[in-house]
Amino acid sequence: MIIGAPKELQTGEKRVAMTPDSAVQLQKLGFECIVETGAGIESGFADASYKAVGVKIVKTAASLWKQSDIIIKVQAVKQIEEKYLKKGKTIISFFWPAQNKELLERVIASGSNQIAMDMVPRISRAQKMDALSSMANIAGYRAVIEAGNHFGRFFTGQITAAGKVPPAKVLVIGAGVAGLAAIGAAQSLGAVVRSFDVRPEVAEQIESMGAEFLLLEFDEDISGEGGYAKPASPEFIEKEMALFREQAPEIDIVITTALIPGRPAPKLWPEEMVNLMKPGSVIVDLAAEQGGNCELTKPNKVVTTNNGVKIIGYTDFPSRMSAQSSTLYATNIRHMLDDLTPKNDGKININLKDDVIRGALACHNGSSMFPPPAPKVSAIGKQTSIPENKGPTKEELSILEQAAIRKSGQQQLALLIVGGLFMLLIGNYAPASFMQHFIVFALACFVGFQVIWNVSHALHTPLMAVTNAISGIIILGALLQVGSNSFIVTLLASISVLIATINIVGGFMVTKRMLAMFQKS
């Protein structure tokens with residue numbers, strides 16, 4: 001089958017859905033790749049770079065659509081492109097079916113298949129195809145760059161002969177992918193970063209990046225499905241505004257990222273907060289496309305208020321870093337096609353039983369597939385409380401816990417009695433020298449079982465220090481046996497030293513890599 005990547009028609013859109021690197025990977029899946037001439041120019045990918053990897057360059061969009069079985073795009077199909085839709089053709093792009101219902105109906109009527117990259121379910125297996133997160137990551141980073149471009153001072157604090165320069169104070173509202181990217185970028189530039197999110201479970205993520213989490217003490221669960229927040233109550237909003245009212249006079253830069261898919265952006269930074277900010281302050285509104293989190297935001301414009309605050313309402317942050325955006329988006333597309341081509345034979349198989357493919361499918365063979373069913377595995381494990389008057393009470397839970405402890409103790413006592421009888425039986429026949437080593441071996445097995453085997457798999461890596469300690473004991477014991485007169489004992493001791501040494505070195509390497517994840521480059 002042939003995959004075609006046309007030039008994007010939306011004004012200001014610089015991204016492209018296929019890069020030379022992704023084309024190489026798609027060809028390995030058995031596909032033939034074609035690109036409209038000039039499609040990658042704005043992203044830094046010349047036609048020559050595509051030709052160099054075996055991609056065919058097509059002069060017109062009409063020719064590309066006619067030749068292609070699969071069309072990969074960034075933006076949804078435009079009206080001028082709808083005439084190319086036909087039965088059996090598959091389009092992979094951002095689509096937003098909830099906001100584009102009329103377009104969805106027209107695509108359904110054409111008999112084409114539409115895979116919406118914005119509908120990819122947020123489950124672990126689909127992370128490699130999560131184009132929304134890829135673009136949000138870039139938007140968060142770029143928001144800090146845009147803020148720095150309009151901010152009149154350093155981000156980092158300095159002490160010079162000319163005087164002291166205080167660090168910029170940055171407030172990031174919303175700690176999703178974009179918010180965390182903004183926190184990381186602002187922190188790396190030396191700013192004092194604070195962040196607020198209605199979901200208290202993200203506090204650890206914020207603080208792990210060196211930012212201060214602004215805790216709002218209010219007994220209300222705002223966490224929604226798929227990692228998004230749900231609309232808050234008036235009481236919660238009142239408390240939230242009081243918190244922002246305290247922060248506004250101190251903050252130099254505000255970056256707002258709060259957005260619930262399919263809904264207008266919540267107004268989190270009203271005109272009152274803007275008026276409280278210092279002259280020269282900057283607001284970057286990442287939700288400008290859906291109306292903005294700031295009351296004074298104007299989409300695709302930079303507004304300067306009467307008190308000298310600049311409000312940036314760009315809606316094309318990812319496109320402003322088109323080379324990086326195209327690379328990540330093309331990779332997301334390639335992973336999607338990888339799942340669609342299980343046999344690597346260049347023929348896609350739209351498997352409706354696959355949670356990821358079904359979740360991203362907006363329409364199929366003239367039938368609407370929107371909205372998709374809820375994924376079987378939740379993207380974020382959310383703790384749910386036991387409803388009132390349902391389930392066991394605290395007293396019943398305590399009784400059940402004590403019963404479980406007693407049962408576990410009885411099982412261990414039974415195992416010890418059986419082990420003791422087994423040792424007694426062997427001791428009646430085996431020599432004393434054998435029993436000495438055998439008891440040490442049995443105790444080592446018992447300790448190893450208790451220390452390692454009963455620990456959750458998720459915690460095994462932090463236990464590298466414990467396993468290294470056990471390996472050290474093994475090495476010491478083996479070294480004592482290396483000088484034995486028996487060749488077999490010497491050989492086994494040498495093998496023990498080798499294996500334990502590999503375990504220790506591997507443990508240190510894993511620990512070093514883990515620590516490197518939390519170090520600033």
Side-chain angles (χ1 to χ4, degrees), residues 3 5 8 15-19 22 25-26 29 70-77 90-101 103-104 107 112-140 176-181 224-229 257 259-263 286 289-290 317-319 324-342 348-364 367-382:
I3 297 177
E8 297 296 325
R15 291 172 290 179
V16 65
M18 182 189 295
T19 64
S22 72
Q25 300 300 321
L26 291 174
L29 294 175
I70 304 166
I71 296 290
I72 56 176
K73 288 174 51 62
V74 178
Q75 299 292 342
V77 174
T90 300
I91 299 93
I92 304 176
S93 68
F94 285 115
F95 193 79
W96 308 105
Q99 290 94 323
N100 294 310
K101 293 181 180 179
L103 175 59
L104 177 60
V107 175
S112 300
N113 305 319
Q114 174 69 56
I115 294 177
M117 294 302 291
D118 48 278
M119 287 171 55
V120 172
R122 289 194 162 182
I123 59 178
S124 297
R125 189 169 67 84
Q127 287 182 355
K128 60 186 179 181
M129 309 170 214
D130 191 353
L132 285 179
S133 293
S134 297
M135 297 303 102
N137 183 27
I138 292 172
V177 176
L180 292 174
E225 296 298 327
Y228 296 104
T257 69
L259 190 63
I260 302 173
R263 297 174 181 266
L286 292 181
E289 192 170 5
Q290 297 295 327
F317 285 101
S319 193
Q324 185 68 75
S325 299
S326 297
T327 299
L328 294 181
Y329 181 69
T331 302
N332 295 140
I333 291 279
R334 191 255 297 174
H335 283 303
M336 173 61 76
L337 285 162
D338 192 5
D339 271 27
L340 286 165
T341 320
I348 63 170
N349 174 28
I350 300 178
N351 182 9
L352 299 181
K353 294 182 180 179
D354 186 303
D355 286 344
V356 177
I357 296 173
R358 175 63 186 90
L361 196 61
C363 60
H364 181 235
S367 299
S368 175
M369 308 299 283
F370 179 81
K376 296 177 183 177
V377 182
S378 176
I380 297 176
K382 180 183 171 185

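We count residues from 1, following the sequence as given.
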Let's go through Leu132 and Val120 carefully: what are the C-alpha distance in whole Å and the side-chain angles of both, what is the deciding distance for side-chain contact (heavy atoms from CB on, under 4.5 Å) to 0.1 Å, and is it a yes or a no? CA-CA 8 Å; Leu132 285 179; Val120 172; over 6 Å; no
Between Tyr329 and Lys73, the two heavy atoms sitting closest are OH-O, 2.6 Å
Quick one: NE2 on His335 to CD on Gln25, what's the gap to the nearest 0.5 Å? 8.5 Å
Looking only at atom types and distance, does a side-chain atom of Ser326 sit under 3.5 Å from a main-chain N or O of Val16, one as donor and one as acceptor? yes
dist Gln114:CD -> Phe370:CZ (nearest 0.5 Å) comes out at 12.0 Å
Ignoring hydrogens, what is the shortest heavy-atom contact between Val107 and Cys363? Give both atom names and the distance. CG1-SG, 3.6 Å
Ala126 and Pro121: which non-hydrogen atoms are nearest, and at how many Å? CB-O, 3.3 Å
Identify, with sequence neighbours excluded, every residue that meets side-chain hydrogen bond (donor to acceptor under 3.5 Å, both in side chains) alongside Ser112. Ser110
Between OG on residue Ser367 and CG on residue Leu361, distance to nearest 0.5 Å: 10.0 Å
Donor-acceptor pair, Thr341 side chain versus Leu337 backbone, under 3.5 Å? yes
Name all residues meeting the salt bridge (Lys or Arg N to Asp or Glu O under 4.0 Å) criterion together with Asp118; count only those two or more places apart in sequence or in a different chain, and write none if there are none. none
Approximate separation, where rounding is to 0.5 Å, of Ile115 CD1 and Ile350 CD1: 5.0 Å
Of all heavy-atom pairs linking Ala131 and Asn332, the shortest is CA-OD1, 3.3 Å
Rounded at 0.5 Å granularity, tell me how far CD1 in Ile357 sits from CE in Met336. 7.0 Å
Go through the structure and list residues passing salt bridge (Lys or Arg N to Asp or Glu O under 4.0 Å) with Arg15, not counting sequence neighbours. Glu13
Give, for atom OG of Ser134 and atom CD of Gln127, the distance between the pair rounded to the nearest 0.5 Å. 10.5 Å
Give a yes or no answer on whether the side chain of Asn137 reaches the backbone of Ala181 with a donor-acceptor pair at less than 3.5 Å. no
Could you check if a side-chain atom of Ile92 sits within less than 4.5 angstrom of a side-chain atom of Ile70, using non-hydrogen atoms only? yes
Name all residues meeting the salt bridge (Lys or Arg N to Asp or Glu O under 4.0 Å) criterion together with Lys128; count only those two or more places apart in sequence or in a different chain, and write none if there are none. Asp339
Closest approach of Arg358 to Leu352 (non-hydrogen atoms, all atoms of both residues): CB-O, 3.5 Å
Which is it for Leu103 and Phe95 under the side-chain contact (heavy atoms from CB on, under 4.5 Å) test, yes or no, and what are the steps along the way? CA-CA 9 Å; Leu103 175 59; Phe95 193 79; 3.7 Å; yes
Can you sort out the partners of Ser325 under side-chain hydrogen bond (donor to acceptor under 3.5 Å, both in side chains), two or more places apart, ordered by chain and number? none
Please step through side-chain contact (heavy atoms from CB on, under 4.5 Å) for the pair Thr331 and Leu328, ending with a clear verdict. CA-CA 5 Å; Thr331 302; Leu328 294 181; 5.5 Å; no
Salt bridge (Lys or Arg N to Asp or Glu O under 4.0 Å) against Asp354, all qualifying residues, sequence neighbours excluded: Arg125
Test side-chain contact (heavy atoms from CB on, under 4.5 Å) on Ser93 and Val77 and set out the steps. CA-CA 8 Å; Ser93 68; Val77 174; 5.5 Å; no
Is the closest side-chain heavy-atom distance between Met119 and Met369 below 4.5 Å? no
